[in-house]
Amino acid sequence: GFRSSQDTVMGLQALAKFAEMSKAVMPKKTDLTISVGKGKTYFEKMKFKEHNKMTVKEAVLNPAVGSYKIRWSGVGVAFFQMISEYHVSDVDYEPVFALEAAAVPYQGFQAVNVAFKLPKDYESSMYLLEMRAPTGLVFKASLIEGQMQMTEGGFTAITRYDIKEGGQRLHLYIDPTVESRKIELHVPMDFKFSVVDRMPAQVTLIDYYDPSQRQTVFYTALDDVQEY
């Protein structure tokens, strides 16, 4: 799979579209059985026939630690995914930077409005703001450069930036000696493709030399409209 389940689904849709366009033909009709088990037994069966081969089936397994096994028989193609949760904690960490993030329209683009407050008494020589773009949106150097050239606003506190993972991740390096301790940034993103029901994206502010001092928040992208 890819970094997110949405990307994985889009990859599968692309493969299905390729099969359609290349006129690939299954030699036989779908008749597939997938079994899930543990130990010596199989306790969950999922059956797919030609008439329901494009459906999604889900099984909730008992929350027990162990090794599970998967067996399949018959003819057909299926994507199988197991999702597990562990060490889930409801601990609320201290909002050390009063960090906030929200998607907003900005000069014809969709942007992330990020606001935070740097501590008055600081020992760090640098802070790192790490941002992730929602699926279908990317950070572009030309857009960030435009913000960096501004002589007013929050980007005057940014010393440099790095764009990683093809625009999916953005690093902004913050000068802790900046006069204003309250900083607000508008970070524009470029539209790549439409996605329905995007997952929230992450924004993290870290003391670069003391990573224990950090805060993470999430924001949800606006609906897909190319003209904001």
Side-chain angles (χ1 to χ4, degrees), residues 2-4 6-7 10 93-195 198-228:
F2 298 93
R3 181 169 296 275
S4 74
Q6 291 178 346
D7 292 338
M10 293 190 68
Y93 295 96
E94 183 180 359
V96 291
F97 300 112
L99 179 63
E100 297 178 349
V104 296
Y106 180 76
Q107 298 182 358
F109 294 92
Q110 183 168 171
V112 190
N113 181 31
V114 181
F116 54 90
K117 185 177 181 180
L118 297 178
K120 292 182 179 180
D121 300 324
Y122 61 91
E123 297 180 358
S124 177
S125 58
M126 185 175 295
Y127 293 96
L128 171 63
L129 183 66
E130 182 181 60
M131 306 176 62
R132 292 191 175 274
T135 304
L137 298 167
V138 294
F139 299 108
K140 288 187 68 174
S142 58
L143 296 177
I144 304 303
E145 284 289 346
Q147 299 296 88
M148 294 284 288
Q149 292 173 9
M150 292 185 176
T151 57
E152 296 180 355
F155 265 87
T156 58
I158 307 302
T159 59
R160 68 185 180 91
Y161 70 91
D162 289 322
I163 295 178
K164 302 176 179 292
E165 299 175 8
Q168 286 294 302
R169 190 155 54 103
L170 172 67
H171 283 179
L172 297 175
Y173 298 88
I174 304 164
D175 179 3
T177 65
V178 65
E179 183 176 349
S180 176
R181 309 314 289 166
K182 293 183 178 179
I183 297 174
E184 184 174 359
L185 305 169
H186 281 85
V187 186
M189 298 175 289
D190 191 34
F191 177 88
K192 296 296 288 184
F193 51 82
S194 296
V195 177
R198 287 189 177 97
M199 295 293 290
Q202 177 178 313
V203 177
T204 301
L205 182 57
I206 310 168
D207 184 327
Y208 194 82
Y209 295 103
D210 182 9
S212 65
Q213 297 296 307
R214 66 166 61 208
Q215 185 183 354
T216 297
V217 297
F218 293 85
Y219 70 96
T220 301
L222 303 175
D223 291 338
D224 275 338
V225 178
Q226 293 193 44
E227 296 295 333
Y228 293 97

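All figures in this text were calculated on a predicted structure; none of them were measured in a lab. Both backbone and side-chain heavy atoms feed into the values below; hydrogens, waters and symmetry mates do not.
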| request: Start with the C-alpha gap between Thr220 and Arg198, add the side-chain angles, then the distance that decides, and say whether side chain to side chain contact (heavy atoms under 4.5 Å, CB included) holds. | output: CA-CA 7 Å; Thr220 301; Arg198 287 189 177 97; 5.9 Å; no
| Quick check: are there more than 12 heavy atoms from other residues, nucleotides or ligands sitting under 6.0 Å from CD of Glu100? |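 It does not: Glu100 CD has 12 such atoms or fewer within range.
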Could you tell me the separation between the [atom1] atom of [X] and the [atom2] atom of [Y], rounded to the nearest 0.5 Å?
{"X": "Thr204", "Y": "Met131", "atom1": "OG1", "atom2": "CE", "result": "10.5 Å"}
{"X": "Thr135", "Y": "Lys192", "atom1": "OG1", "atom2": "NZ", "result": "13.5 Å"}
{"X": "Lys117", "Y": "Lys182", "atom1": "NZ", "atom2": "NZ", "result": "5.0 Å"}
{"X": "Tyr106", "Y": "Met189", "atom1": "OH", "atom2": "CE", "result": "13.0 Å"}

| message | I'd like to know if Asp162 pairs up with Arg160 as an ion pair, taking the criterion as any Lys NZ or Arg NE/NH1/NH2 lying under 4.0 Å from an Asp or Glu carboxylate oxygen. | response |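 So Asp162 pairs with Arg160 through a salt bridge.
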Nearest heavy-atom pair of [X] and [Y]: which atoms, and what distance?
{"X": "Ile163", "Y": "Lys140", "result": "CD1-C, 3.6 Å"}
{"X": "Ala157", "Y": "Ile183", "result": "CB-CD1, 3.8 Å"}
{"X": "Thr159", "Y": "Asp175", "result": "CG2-CB, 3.6 Å"}
{"X": "Thr156", "Y": "Met150", "result": "CG2-O, 3.8 Å"}
{"X": "Pro188", "Y": "Leu143", "result": "CG-CB, 3.8 Å"}
{"X": "Gln215", "Y": "Ala98", "result": "OE1-N, 3.2 Å"}

| task | For Phe191 and Leu137, run side chain to side chain contact (heavy atoms under 4.5 Å, CB included): C-alpha distance rounded to whole Å, both residues' side-chain angles, the deciding distance at 0.1 Å, then the answer. | result | CA-CA 5 Å; Phe191 177 88; Leu137 298 167; 4.3 Å; yes
Should [X] and [Y] count as side-chain neighbours, where that means a heavy-atom distance under 4.5 Å?
{"X": "Ile158", "Y": "Ile174", "result": "yes"}
{"X": "Phe155", "Y": "His186", "result": "no"}
{"X": "Val96", "Y": "Asp207", "result": "no"}
{"X": "Val203", "Y": "Phe218", "result": "no"}
{"X": "Leu185", "Y": "Leu129", "result": "yes"}

| query | Relative to each other, are the rings of Phe97 and Tyr127 parallel, tilted or perpendicular (30° and 60° limits)? | reply |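 Rings of Phe97 and Tyr127: perpendicular, over 60°.
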Side chain of [X], backbone of [Y]: donor and acceptor closer than 3.5 Å?
{"X": "Gln110", "Y": "Leu222", "result": "yes"}
{"X": "Arg132", "Y": "Leu170", "result": "no"}
{"X": "Arg169", "Y": "Gly166", "result": "no"}

| message | side chain to side chain contact (heavy atoms under 4.5 Å, CB included) for Asn113 and Glu184? Distances and angles first, verdict last. | response | CA-CA 7 Å; Asn113 181 31; Glu184 184 174 359; 3.1 Å; yes
